[in-house]
Amino acid sequence: MIRRLLSRNPDVERLDTEGLRTEFKARYYAFKLLLNANNRALEIMADMEEALKGTRPFGMNFVSSRCTSVSASVWQMIRHLNELSPGNYEALYNRFKEIRKKINPFVKDRGRLREGPLVLILDQVERTMADLVGGKIANLAEIKNRIHLKISDGFVITACGYQRFMSYNDLQPEIDRRIQTTDIQALDELFGLSASLQQLIIGSSIPRDLEEAIQEQYGLLEEREGRGITVAMRSSALGEDAAGISFAGQYRSELNVSKENILQAYKEVVASKFSLPAMSYRLNRGIRDEDVVMCVGCLRMADAVSGGVIYSRNPVNIRDDALLINSVWGLPKSVVDGNTTPDLIWISGAEPMEIKHKEIAFKERKFVCYPDEGVCRMDLSGEDGAKESLSDEQALELADMARRLETHYGCPQDIEWALDGDGSFVILQCRPLVQASAGDFPDLMNVWEGESVLIKGGTLASPGLGSGPVFVLKKDMDVMKFPDGAVLVAAQALPRWATLLNKASAVVTEQGSIAGHLANVAREFSVPALFGVQKAMERLQNGRIITVDADGGRIFDGRVEGFLEKTVRPKNLMLGSPVYEALKGAARHIVPLTLLDPDKTSFRPGNCETFHDITRFCHEKSVHEMFRFGKDHQFPERSGKQLFVNIPMNWWILNLDDGFREEVEGKYVRLENIVSIPMLALWKGITAFPWEGPPPVDGKGLMSVMFEATRNTALVPGMRSRYADRNYFMISKNYCSLNSRFGFHLSIIETLVSERVTENYIRFQFKGGAADDQRRNKRVLFLMEILEGYGFGVEVKDDFLMAGLEDQPKENMEKSLRILGYLIIHTRQLDVIMGNDQKVRYYRSKINESIDEILSVQ
Amino acid sequence: MHNIKVLLVDDEREFSETLIKRMKKRNVDITGVRGGEEALQTLDQSPIDVVILDVRMPGMDGIETLRALKKRHPLIEVIMLTGHASVEVAVQGMEFGAFDYLMKPMQIDDLLYKIQDAHQQKIIQEQKIDNIKRMTSGRE
């Protein structure tokens, strides 16, 4: 019964006054909700445009939540417009549907299910299987099967295994939900999210079939390598290469895992997909979470006499072909984790290879395997720590292997290695090396002679110059407090500091190596880094401004001007990334405005190309429908009234709801009867000073007006539009729109002012003038400067200006409206003096003085 | 706000409890249930103005609940509030008569405004129906 009543189109003609009032109220309410939705849609579009500048990181959740919000808002606008005029705008639903279809591919889940084995023995892996086993494992298998270098035997838990695990526990939707409900730009929230997601994964169970497959493979490995052997569980993620990078180095490896703990270690490696560094890395690089699939290699654990990383080229100078070895005692873990300063061995690139330079460090500790499981850290005594961890012969043998790998892959390589007990080398991983360009500041050394050097020394880990206040990291929680633009100072170059690389202006550590994860990521993000700076923690105090010259190995006191400007700005890593492209693709059907001129016949639903077009169309038509109602229905209470202030004025007012103190029967409404907050504020500005009439026109200005009048038929009397020189207010207590034409100038103001701060807005459009294009355009720029000075966001195109102000408390909104009211009266016809700079200055200062006066009045 | 009766339907305990606590501090007359079936039972027994409805719930999901709810109580306004951004579901929800589709996390004040707006909408719909009833009875 109720449904039937509601769906029936009320017979408006028959309504009595009471009925008309209700009907009008309902219409106003629909209009108000339409405006709300319009406002929200425009805010989201602005948000998307801002993100498309690519200067701040965002994730897929940003893309899908913005697309969802904007869709909901646009759909609501269509619904409300159809409520205002039932049956007349149904076509919009179809346009909406079609545009939505175009947006869908960019936001839809693309998690395609793969068919294939859950686990795979390394012997069966080929290079082409990277999307099944991840790049790292595919490379290792290639090294063994094609290049015939030694790697550890083992198997891999594949992308299919990962999918099986994730879907068995229905993890993805829950992960998505947790990501969406977190403000991931805030580091402390990201920290909490990272912990909760990792716990979620570690707390999930492994499906029986996957468990059996893993156990079976381990059994086979035992048969080949010996009973009870331990394994290293290494992440081999896929999906990161989508952004043009081969490896982020942010995931976990579990070393020396025994049979009983393989499943637990598997979950831990998978969970490291959501470690804090990995999440912030993806966020900064625009990599979609869903694209990252964790394959896990399960390789026989090799205990190492020594280990490290070799680069087949100089990582910090693209023009240098020397090889660089980082070597420590024991497992290479401490090189990668950056907590020990390794031996550095430089080997000339030209044949025959020879050792060019060695820096043997004092290696404070080493990592070795416990017999049963786990890795232990051993402090090294004086003699052992000081000894070189690799002989010259061994170094050259390693260099030769590196060159073979480089030749095979056709580009510089970054290779992790271990020296086995039997004296042979085992390749643990191999990936393309990202070389940073250096030497952009050739005469730096000389020019900076005069500056005060605080510290000299340290090893270049990532080239460049950076300056900012020191921030010393002592414990994990310090990460939360790290200020934007500070210099990161820490004892060790730990991978987890990588989370801060989008904020840090430079990195200084006491220990760490050029081959560690932190150095890798620093180079990727173009953040200068200097490692091995002795006593940095002691010598650099929090808050002190320093300048770090990573290439020169120097730290200066204060900010060294003159050169910092020339430093390479941090790379813009969002541009071109998968997440960025998804937003760009979707935004193409949302943000652009193609439906411009409401006076043209092309202003039709069928011509709405984007969501923005639909909002524009709905907004325009809703205003039109609101005007029409009072007229169409002979409903004097709700038709336009002429404003009466001593005499009838050229201002017309339509009360939408509660804009009048009491209902008005006759033709006129007195100002005292108006209670619309925004209208009264505008009115104060409009009437603050009497208009002095058009400015005195010089010969050129006058000519320009006359010329324009012959061209523009809209300016010829008798041909003006029906709104000419009439100013319409539509008001309620909190809402006001003003359409005004003063001569040749058209301005539209729409504003909502209430206690709901987040819904408050002012939108102002201005167009036209009597003078020629050039003067009109100049006048618009003149207005723009003034408005920007008072906090408006302004956009200008030719002689058309759009300005906006949002989310300010009521008092500020009222002040801004007073300014606008003043401006629309006193800047009209100023276009004619825009050719004269002196006059422009005169009016500019006069306007500023007047506005100050207006604002000082309570 | 205390004159608006709100029902929160969300299976996520922690979120529900926090939201209810915060709403009560703002004088909102709000109760919570954990799922769609329970929501429908509550609505049959006590008058509710505005329902805040989660989309993803075990058992009867948000969209199913919305359809059943709107069939039985067309005047109750429903605000969908979800942690799962989906254009499809948003549009579906609105087509089935949801007042709005909001995404977590959201400002508590914005949600309050939405509840007020939805309530206002309900009052207007009721007035319209009264009018129509008055007109039809006058004609007979």
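What you see below is based on every heavy atom in this structure, not just the backbone, and it leaves out hydrogens, waters and symmetry mates. Lettering follows sequence order; numbering is per chain, from 1.
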Visitor: Nearest 0.5 Å, what's the CD-OH distance between B:Glu95 and A:Tyr93?
Guide: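 OH of A:Tyr93 is found 8.5 Å from CD of B:Glu95.
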
Visitor: Between B:Val87 and A:Ser71, what is the shortest heavy-atom contact and its length?
Guide: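 Shortest heavy-atom separation between B:Val87 and A:Ser71 comes out as CG1-OG, 3.4 Å.
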
Visitor: Verify side-chain contact (heavy atoms from CB on, under 4.5 Å) between B:Thr82 and A:Gln180, making sure each step is shown before the conclusion.
Guide: CA-CA 9 Å; B:Thr82 173; A:Gln180 192 199 302; 5.6 Å; no

Visitor: Need one label for B:Asp100: side chain, backbone, both or neither, based on atoms under 4.5 Å from any heavy atom in chain A.
Guide: both

Visitor: Which value, rounded to the nearest 0.5 Å, describes the distance between A:Thr22 atom OG1 and B:Glu126 atom CD?
Guide: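 Interatomic distance, A:Thr22 OG1 to B:Glu126 CD, rounded to 0.5 Å: 12.5 Å.
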
Visitor: Do you know the tightest heavy-atom contact between A:Thr181 and B:Gly83?
Guide: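 Looking at all heavy atoms of both residues, the closest pair is CG2-CA, 4.0 Å.
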
Visitor: So which atom in A:Ala26 and which in B:Ile124 form the shortest heavy-atom distance, rounded to 0.1 Å?
Guide: CB-CG2, 3.4 Å

Visitor: Take atom NZ in B:Lys122; do more than 12 heavy atoms of anything else shown fall under 6.0 Å from it?
Guide: yes

Visitor: Checking heavy atoms, do the side chain of B:Phe99, its backbone, both or neither come under 4.5 Å from chain A?
Guide: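 It is both, since atoms from each part get that close.
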
Visitor: Any donor-acceptor pair under 3.5 Å linking the side-chain atoms of B:Asp109 with those of A:Thr758?
Guide: no

Visitor: Find the distance between NZ (A:Lys25) and NZ (B:Lys128) and round it off to the nearest 0.5 Å.
Guide: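 These two atoms lie 13.5 Å from each other.
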
Visitor: Is it the case that the side chain of A:Ser65 and the backbone of B:Ala85 share a donor-acceptor pair, with hydrogens and angles ignored and the cut-off at 3.5 Å?
Guide: no

Visitor: Could you tell me if the side chain of B:Asp117 sits less than 4.5 Å from the side chain of A:Arg756, heavy atoms only?
Guide: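 Yes. Closest side-chain heavy atoms under 4.5 Å.
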
Visitor: So, taking the atom named CD in B:Gln120 and the one named OH in A:Tyr29, what distance separates them when rounded to the nearest 0.5 Å?
Guide: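 Here the interatomic distance stands at 5.0 Å.
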
Visitor: Will you find, in the side chains of B:Asn131 and A:Glu23, an N or O donor that is under 3.5 Å from an N or O acceptor?
Guide: no

Visitor: Taking side chain as C-beta onward, heavy atoms only, is B:Tyr101 less than 4.5 Å from A:Gln76?
Guide: no

Visitor: Answer yes or no: is there an ion pair linking A:Arg40 with B:Asp110, defined by an N-O contact shorter than 4.0 Å?
Guide: no

Visitor: Kindly determine whether B:Glu88 and A:Asn104 satisfy side-chain contact (heavy atoms from CB on, under 4.5 Å), including the steps that lead there.
Guide: CA-CA 9 Å; B:Glu88 302 284 320; A:Asn104 260 349; 2.8 Å; yes

Visitor: Does A:Lys733, at its NZ atom, have more than 12 non-hydrogen atoms belonging to other residues, nucleotides or ligands within less than 6.0 Å?
Guide: no

Visitor: What are the two closest heavy atoms between B:Tyr113 and A:Val757, and how far apart are they?
Guide: OH-N, 4.0 Å

Visitor: For chain A, which candidate among B:Met80, B:Arg56, B:Gln107, B:Met106 shows the most heavy-atom pairs at distances under 4.5 Å?
Guide: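 Result: the option with the highest number of such pairs is B:Arg56.
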
Visitor: Heavy-atom cut-off 4.5 Å, strictly under: side chain, backbone, both or neither for B:Leu102 against chain A?
Guide: side chain

Visitor: For B:Arg34, look at atom CZ and say whether over 12 heavy atoms of other residues, nucleotides or ligands are found less than 6.0 Å away.
Guide: yes

